[in-house]
Amino acid sequence: KLDSNNESIFFQRINIWMMSLLGSSWDNPKKFENINEDFKNNIVCQLNALLNSRTNSIYFGWASIIKKNSFNKIDSPWGWKDPRNTFTGTIWNEVFPSLRAIYVIRHPIDIAESLFKRQGREADKDLHREKKYTDIIKALLSIHHTNYKSSFLINSYSDCFDLIELYYEQILENKIDNSLVVRFEDIISNPESELSGILDYCKLSFNVNTLRKISDDIDSSRSYAYKNNDNFK
């Protein structure tokens, strides 16, 4: 079960819960590196229990309620995408010691532009959506803790840049072991080489023709897109 950005809703919700333990969120992140070791171990125990419970059907599909699939028994490569992993990765590394993390970084102006546009769309939906008291009740019962999808903290490009800096600092200073940092622009400009490097890093075999087809489908205009935007010239 994925959201509109192809992010796993199951792991999203767990990351949201973990970040809430520090009073943080995706738009106001805090580091896990300095938390009490006993609390860290306790969180890991809770995660292991959750991952092996039937709630993992949100990841495996509803048939898992009967089959009871387990993350410890997957016999093929798997993973998930969520920028929150930048901060929760140290906890996940305790749960999955052999995981391999990939940090994709992009030019800050392009990130800010994308983030601000997305914020505008979500804020417009939030403000014009009919509100009912049941929305508040659902929010109280939801891991999202809110019935708003937009951020109250991002109101300008400056806010976007401040947030990007927090994520980049975390990647540079506290990235987990067994991690690879790749530039979005490098993937766009040299897709075959960069993607094959990522696959090699993940120890995944691949078909050269399939890789070439994927590379051909990449939109080269996404690289340094801000240069084509009059607002940034």
Side-chain angles (χ1 to χ4, degrees), residues 1-21 24-27 29 32 42-104 114 118 121-122 125-126 129 134-135 137-150 176 178-180 182 187 195-196 198-207 209-211 213-215 217-219:
K1 190 174 181 182
L2 305 175
D3 73 355
S4 58
N5 296 303
N6 290 311
E7 295 174 7
S8 166
I9 291 176
F10 179 66
F11 283 99
Q12 264 189 357
R13 290 177 178 177
I14 297 176
N15 276 334
I16 289 169
W17 169 72
M18 277 199 281
M19 296 188 86
S20 73
L21 298 176
S24 69
S25 57
W26 71 269
D27 54 353
F32 278 85
N42 191 264
I43 293 170
V44 171
C45 286
Q46 291 185 71
L47 289 178
N48 281 321
L50 179 65
L51 290 169
N52 288 300
S53 72
R54 282 187 168 83
T55 58
N56 66 24
S57 60
I58 300 174
Y59 186 92
F60 290 109
W62 295 118
S64 178
I65 294 178
I66 299 174
K67 296 179 181 178
K68 198 177 180 182
N69 290 357
S70 169
F71 287 98
N72 297 321
K73 297 179 181 178
I74 301 178
D75 57 5
S76 60
W78 69 278
W80 77 94
K81 164 182 171 274
D82 185 353
R84 297 175 186 84
N85 293 329
T86 303
F87 287 88
T88 61
T90 53
I91 305 294
W92 287 119
N93 207 23
E94 299 283 338
V95 178
F96 301 115
S98 59
L99 71 78
R100 290 175 178 269
I102 301 172
Y103 299 96
V104 182
S114 176
R118 176 180 170 184
R121 290 194 301 269
E122 296 295 349
K125 292 178 184 177
D126 283 334
R129 187 179 67 249
T134 52
D135 291 330
I137 295 175
K138 289 178 182 178
L140 292 175
L141 299 175
S142 170
I143 191 65
H144 290 278
H145 305 300
T146 174
N147 55 354
Y148 290 90
K149 291 186 177 181
S150 56
I176 64 173
N178 295 324
S179 59
L180 177 69
V182 295
I187 296 175
L195 292 177
S196 62
I198 292 171
L199 292 167
D200 287 337
Y201 164 75
C202 293
K203 298 182 178 180
L204 298 176
S205 59
F206 58 91
N207 179 286
N209 291 329
T210 301
L211 178 63
K213 184 178 184 305
I214 293 171
S215 300
D217 289 339
I218 290 178
D219 182 2

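Every value quoted in this text rests on a predicted model; they were computed, and no experiment measured them.
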Could you grab the distance from atom [atom1] of [X] to atom [atom2] of [Y], nearest 0.5 Å is fine?
X      : Y      : atom1 : atom2 : result
Ser25  : Phe87  : OG    : CZ    : 10.5 Å
Leu50  : Arg13  : CG    : CZ    : 11.5 Å
Leu51  : Ser53  : CG    : OG    : 7.5 Å
Ile102 : Leu180 : CD1   : CG    : 6.0 Å
Ser70  : Phe60  : OG    : CZ    : 6.5 Å
Gln46  : Ile91  : CD    : CD1   : 11.0 Å

Within the structure provided, determine whether [X] and [Y] are in side-chain contact (heavy-atom separation under 4.5 Å).
X      : Y      : answer
Trp17  : Thr88  : no
Ile14  : Trp92  : yes
Asn15  : Gln12  : no
Tyr103 : Asn85  : no
Lys213 : Asn209 : no
Leu195 : Phe206 : no

Closest approach of [X] to [Y] (non-hydrogen atoms, all atoms of both residues):
X      : Y      : value
Val182 : Ile187 : CG2-CD1, 4.1 Å
Pro77  : Leu204 : CG-CD2, 3.3 Å
Pro83  : Glu7   : CD-OE2, 3.4 Å

Report task. Start with the C-alpha distance between Leu47 and Glu94, add both sets of side-chain angles, then the distance that settles side chain to side chain contact (heavy atoms under 4.5 Å, CB included), and finish with yes or no. Result -> CA-CA 10 Å; Leu47 289 178; Glu94 299 283 338; over 6 Å; no
Requested in this report: List the steps and the verdict of side chain to side chain contact (heavy atoms under 4.5 Å, CB included) for Trp80 and Ile9.
Outcome: CA-CA 9 Å; Trp80 77 94; Ile9 291 176; over 6 Å; no
Query raised in the report: Is the closest side-chain donor-acceptor distance between Trp26 and Asp82 under 3.5 Å?
Result: no
Requested in this report: Show the numbers, then the answer: is there a side chain to side chain contact (heavy atoms under 4.5 Å, CB included) between Leu99 and Asn93?
Outcome: CA-CA 7 Å; Leu99 71 78; Asn93 207 23; 3.8 Å; yes
Query raised in the report: What pairs with Tyr59 under ring pair (Phe, Tyr, Trp, His ring centres under 6.0 Å), at least two apart in sequence or on another chain?
Result: Phe11, Phe71, Trp78
Query raised in the report: Would a distance-only check, ignoring hydrogens and angles, find a side-chain to backbone donor-acceptor pair under 3.5 Å from Asn56 to Asn52?
Result: no
**Report entry** Heavy-atom donor-acceptor pair, Asp126 side chain to Ser150 backbone, under 3.5 Å
**Finding:** yes
Query raised in the report: Is the count of non-hydrogen atoms from other residues, nucleotides or ligands lying under 6.0 Å from Arg118 atom CZ greater than 12?
Result: no
Query raised in the report: Name the one of Asn5, Leu2, Val104 that satisfies side chain to side chain contact (heavy atoms under 4.5 Å, CB included) with Lys81?
Result: Asn5
